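Residue numbers begin at 1 in each chain, while the letters A, B, ... track the order of the sequences. The shown structure was predicted, so the numbers you read here are calculated from the model rather than taken from an experiment.
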Amino acid sequence: MDLTTIIDALNDAQREAVTLPAGSALVLAGAGSGKTRVLVHRIAWLAQVEAVPLHRLMAVTFTNKAAAEMRGRVEALLHHSARGLWIGTFHGLAHRLLRRHAETAGLPETFQILDADDQYRLIRRLLKSLNLDEGRWPPRQVQWYINGQKDEGRRPKAIVETGDPFQHQMLQLYTAYEAICQRSGLVDFAELLLRAHELLRDHAELLSHYQERFHHVLVDEFQDTNTIQYAWLRLLSGESGNLFVVGDDDQSIYGWRGAKIENLHRFRRDYPDHRLVRLEQNYRSTATILNAANVLIANNENRLGKKLWTEGTQGEPISLYAAFNEQDEAYFVVERIKQWLEQGHLRSDAAILYRSNAQSRLFEEKLIQAGIPYRVYGGLRFFDRAEIKDALAYLRLIANRDDDASFERVVNAPPRGIGARTVEILREAARSRQQPLWRAAENICETKALPARALNALKQFLQLVDAMETDVREIGLSEQSKQIIERSGLIPHYQKEGEKGETRIDNLKELVNATRQFEYEHGDSNEEGIPILHLFLAQAALEAGDAQADEAEEYVQLMTMHSAKGLEFKLVFMAGMEEGLFPGERSLEEVGRLEEERRLCYVGITRAMQQLHFTFAESRRRYGRETYPKMSRFLREIPPELLQEVRMRAHVSRPVTAAPAARPTGLLDDSCGFPPGQRVMHNKFGEGVVLQCEGDGSQIRVQVNFEKGGAKWLMASYANLQVV
DNA sequence: GACGGAATCGTTTTT
DNA sequence: CGATTCCGTC
């Protein structure tokens with residue numbers, strides 16, 4: 001293979017990043033600037049030019065989708081399989097390490113992964129067993145606390161008591177929770193990362209083995225890493241320091257769940273010799289759209305700084321529709337989509353983005369009325385469905401009897417006469433003897449501490465699971481799951497539920513198909529000696545996400561702005577652009593949250609390739625009440641000349657000129673000093689347009705979008721602005 | 001254990 | 001408003 005395939009068709013910045021010498025590097029990759037491309041080509045470069053064997057490379061992503069895409073593109077570029085290349089999510093790779101070294105990590109070989117829902121249930125159960133009031137100690141909060149501590153790499157022992165009773169209680173719960181997980185062989189998502197980190201940190205020989213093995217570590221979406229993930233990367237990249245990270249501080253939208261944008265700054269300090277490359281040329285959006293995005297994001301402070309540009313055309317203005325109410329808003333959007341489709345465009349090129357999932361309903365209704373097929377992202381995923389989790393719980397119990405979470409889940413599902421009272425006794429016995437529920441149940445069957453009927457039912461349950469295991473030991477995974485579903489009695493149970501039960505039964509059949517597919521993909525070649533059942537269960541927990549992605553289908557796309565990250569659409573609607581909704585009222589409380597909302601808006605805008613529409617409702621029913629929200633501040637931050645207000649009924653759009661008079665609705669009006677839209681002249685910066693003002697008296701600050709320098713905040717009393 | 005009425009409560013999400 | 005959870009009754 002020759003070099004040209006790898007570096008041709010890259011722009012200068014991309015090529016610079018791809019061909020950097022070994023060492024640490026930070027690639028600041030703006031939206032649509034070819035970030036995945038750089039990662040993929042970097043891998044190919046290292047493999048082909050630097051002659052680094054693929055198995056000495058590790059690439060880390062956040063989603064399975066990104067990992068799969070990257071692997072596919074590497075293979076396409078190299079024209080051969082990329083087996084041996086470790087590429088996966090943080091969680092997936094951590095899981096792999098823990099499976100390989102379960103014993104060293106202090107875990108049973110049979111350990112199982114606890115997903116967020118399992119974790120929540122386990123915590124509720126814990127609260128109950130400790131007789132704590134759920135109202136006073138909300139399980140969600142406990143869960144948040146525990147995960148937050150783990151994300152920061154802190155074990156209970158490392159937490160210093162402040163004397164705060166709340167903290168004290170949380171700490172107690174964290175400790176108790178850990179004990180349950182440990183004796184049940186359960187590992188939650190945060191624990192995967194923490195354990196993997198500790199495994200490497202505390203075992204010098206393992207650490208040096210992996211440090212030696214991985215000459216290069218590449219990281220995608222680096223701005224989303226949390227403390228423990230960063231620590232993990234530091235450890236792994238170790239001495240060589242060959243850490244190649246790609247990220248965009250302006251697209252950091254997961255701070256609320258532990259992502260540390262500071263990691264970008266930390267990286268710069270911790271790797272003083274790193275190379276920095278900015279990817280600013282955008283290949284996705286029109287100049288108008290990029291302009292709006294640039295000006296908006298310029299309102300954030302502490303950016304690493306980046307300005308997207310394009311060689312492409314100006315494109316159409318961004319439209320702004322002030323709807324009467326939320327019905328009208330949905331109607332408008334669907335009308336526009338109709339027109340777009342009439343022009344012969346694809347449904348899948350159009351997306352409706354919103355801040356919160358609840359907003360999808362109205363759009364769905366109107367789309368149904370219009371007979372336009374659509375797809376809503378981010379609903380219940382296949383492996384999260386109750387019936388699937390029930391069936392999986394049986395499989396998990398077979399793999400590991402100590403799994404208390406699964407035991408509780410199916411001990412009386414379907415109902416078999418083991419009621420709350422019996423389970424209560426079991427829990428108590430388990431707690432006092434520090435045993436898993438299964439063991440406690442076995443013991444209780446000996447002691448006759450139960451009424452005959454319950455005892456009988458319990459014995460039958462224990463026998464059922466044991467029998468399932470013996471009968472199923474020698475057969476393939478799909479056959480196993482099929483038999484277990486049948487013998488569990490779940491199907492007749494759901495049959496009683498009528499129509500809803502039918503879909504559940506269909507889903508169970510689908511589960512068998514999934515196991516068959518998994519078997520087909522993984523064959524008998526048990527990866528590194530790990531039983532296929534364990535591999536499947538881990539995948540069910542870790543890759544529940546994109547199980548049913550029928551990308552080929554033709555649907556209008558509905559999703560939150562969060563889930564839109566990484567995607568692009570020719571036509572984008574950003575709906576509900578209202579104060580209180582976006583930015584949400586809660587994001588005003590905490591400092592930093594508003595900036596994250598603004599980044600989210602930036603992410604939304606930069607999804608659009610050709611056409612962008614903003615909509616908001618002047619009246620919106622929320623929680624059954626009529627509200628009259630104001631237009632989102634984010635829209636005020638966008639230069640008016642980029643926006644075109646739309647009145648739908650006449651299908652005439654009113655061009656917006658600089659003069660405020662051209663904005664009769666007064667949407668963008670503001671009461672101080674210079675009206676937004678006013679053209680002004682500054683001695684140093686030249687001509688520009690006023691975006692907004694704030695403050696009063698001599699403290700008035702004006703934000704001006706200069707033709708040369710972009711948006712800037714100026715003190716009106718010093719700036720000596722001249723009206724043009 | 002199933003059912004129904006009352007009470008409660010409302011971001012964002014991947015793993 | 002509407003989904004989910006809780007609690008009391010049969």
(message) Before we go on, tell me: are the rings of H562(A) and Y254(A) under 6.0 Å apart, centre to centre?
(response) yes
(request) Pick base, sugar-phosphate or nothing for Y254(A), based on heavy-atom distances below 4.0 Å to the nucleic acid. (result) sugar-phosphate
(request) Return the value, rounded to whole Å, for the distance between atom CD1 of I253(A) and atom C1' of dT12(B). (result) 8 Å
(message) Does a side-chain N or O of N357(A) approach OP1 or OP2 of dT12(B) to a distance below 4.0 Å, or not?
(response) yes
(message) Distance check needed: dT12(B) P versus Q359(A) CD, whole Å only.
(response) 9 Å
Is there any protein nitrogen or oxygen under 3.5 Å from a nitrogen or oxygen in nucleotides 2-4 of chain B, and what are the pairs?
none

(message) How many whole angstroms separate atom NE2 of H91(A) from atom C1' of dT13(B)?
(response) 11 Å
(request) In whole angstrom, give the distance that lies between atom CG of L362(A) and atom P of dG2(C). (result) 10 Å
(request) List for me each residue that meets salt bridge (charged side-chain N to carboxylate O under 4.0 Å, His left out) alongside K366(A), sequence neighbours excluded, and say none if there are none. (result) none
(message) So if I take every side-chain heavy atom of H562(A) and compare against dT11(B), dT15(B), dT13(B), which nucleotide ends up nearest?
(response) dT13(B)
(message) Any side-chain N or O of T560(A) below 4.0 angstrom from OP1/OP2 of dT13(B)?
(response) yes
(message) Enumerate the side chain to side chain donor-acceptor pair (under 3.5 Å) contacts for residues 413-427 of chain A, please, sequence neighbours excluded, ordered by first and then second residue.
(response) Y394(A)-R416(A), E408(A)-R427(A), E424(A)-R427(A)
(request) Please identify each residue that fulfils ring-ring contact (aromatic ring centres under 6.0 Å, His included) with F461(A), with sequence neighbours left out. (result) F407(A)
(message) Work out how far the P atom of dT4(C) is from that of dT13(B), and round it to whole angstrom.
(response) 16 Å
(request) Determine the contact category for G417(A): base if any of its heavy atoms lies under 4.0 Å from a base atom, sugar-phosphate if only primed atoms, P, OP1 or OP2 are that close, otherwise nothing. (result) sugar-phosphate
(message) So, using salt bridge (charged side-chain N to carboxylate O under 4.0 Å, His left out) as the criterion, who are the partners of R121(A) when residues are at least two apart?
(response) D117(A)
(request) Would you mind classifying the nucleic acid contact of R361(A) as base, sugar-phosphate or nothing, using non-hydrogen atoms under 4.0 angstrom? (result) sugar-phosphate
(message) Expressed as a whole number of angstroms, how long is the span from E424(A):CD to dG1(B):C1'?
(response) 17 Å
(request) Could you check whether E585(A) gets within reach of a base, just the sugar-phosphate, or nothing at all, counting any heavy atom under 4.0 Å? (result) nothing
(request) Could I get the full list of side chain to side chain donor-acceptor pair (under 3.5 Å) partners for S129(A), not counting sequence neighbours? (result) none
(request) Round to the nearest Å and state the distance from E596(A) atom CD to dT11(B) atom P. (result) 16 Å
(request) Using a cut-off of strictly less than 4.0 Å, decide whether T89(A) has a side-chain nitrogen or oxygen near OP1 or OP2 of dT15(B). (result) no
(request) Determine the contact category for A116(A): base if any of its heavy atoms lies under 4.0 Å from a base atom, sugar-phosphate if only primed atoms, P, OP1 or OP2 are that close, otherwise nothing. (result) base
(request) Using a strict 4.0 Å threshold on nitrogen-to-oxygen distance, state whether E109(A) and R99(A) make a salt bridge. (result) no
(request) Counting heavy atoms from C-beta on, name the nucleotide in dT13(B), dG10(B), dT15(B) closest to the side chain of W256(A). (result) dT13(B)
(message) Quick check: on DNA chain B, is the nucleotide nearest G419(A) upstream (toward 5') of the one nearest D115(A), or the reverse? Name the residue that is more 5'.
(response) G419(A)
(message) Tell me if the aromatic rings of H197(A) and Y230(A) count as close, with their centers under 6.0 Å from one another.
(response) no
(message) For dG1(B) and N412(A) - does any side-chain N or O of the residue sit under 4.0 Å from the phosphate oxygens OP1/OP2?
(response) yes
(request) Would you kindly give the OH-to-P distance between Y354(A) and dG10(B), to the nearest whole Å? (result) 21 Å
(request) Just jot down the salt bridge (charged side-chain N to carboxylate O under 4.0 Å, His left out) partners of R124(A), sequence neighbours excluded, or say none. (result) E134(A)
(request) Could you tell me which residues satisfy salt bridge (charged side-chain N to carboxylate O under 4.0 Å, His left out) with E589(A), sequence neighbours excluded, listed by chain and number? (result) none
(request) Look at atom CZ of R155(A) and say whether more than 12 heavy atoms of other residues, nucleotides or ligands are closer to it than 6.0 Å. (result) yes
(request) Starting at atom CG of L114(A), determine the distance to atom P of dT14(B), rounded to an integer number of angstrom. (result) 18 Å
(request) Please check the phosphate of dT12(B) (OP1 and OP2 only) for any side-chain N or O of R586(A) closer than 4.0 Å. (result) no
(request) Check every atom of dT13(B), dT11(B), dT14(B) against the side chain of R381(A) and return the nucleotide holding the closest atom. (result) dT14(B)
(message) Please give the distance between the P atoms of dT12(B) and dT5(C) as a whole number of Å.
(response) 15 Å
Expected rows: protein N/O vs nucleotides 4-8 of chain C N/O, under 3.5 Å:
from: dC6(C); atom 1: OP1; to: R124(A); atom 2: NH2; distance (Å): 3.0

(message) Looking only at the side chain of R257(A) (C-beta and beyond, no hydrogens), which of the listed nucleotides dT13(B), dT15(B), dG10(B) gets closest?
(response) dT13(B)
(message) Any base atoms under 4.0 Å from F62(A), or only sugar-phosphate, or nothing? Heavy atoms, all strands.
(response) sugar-phosphate
(request) By nearest nucleotide on DNA chain B, pick out whichever of S587(A) and I418(A) is the more 5' one. (result) I418(A)
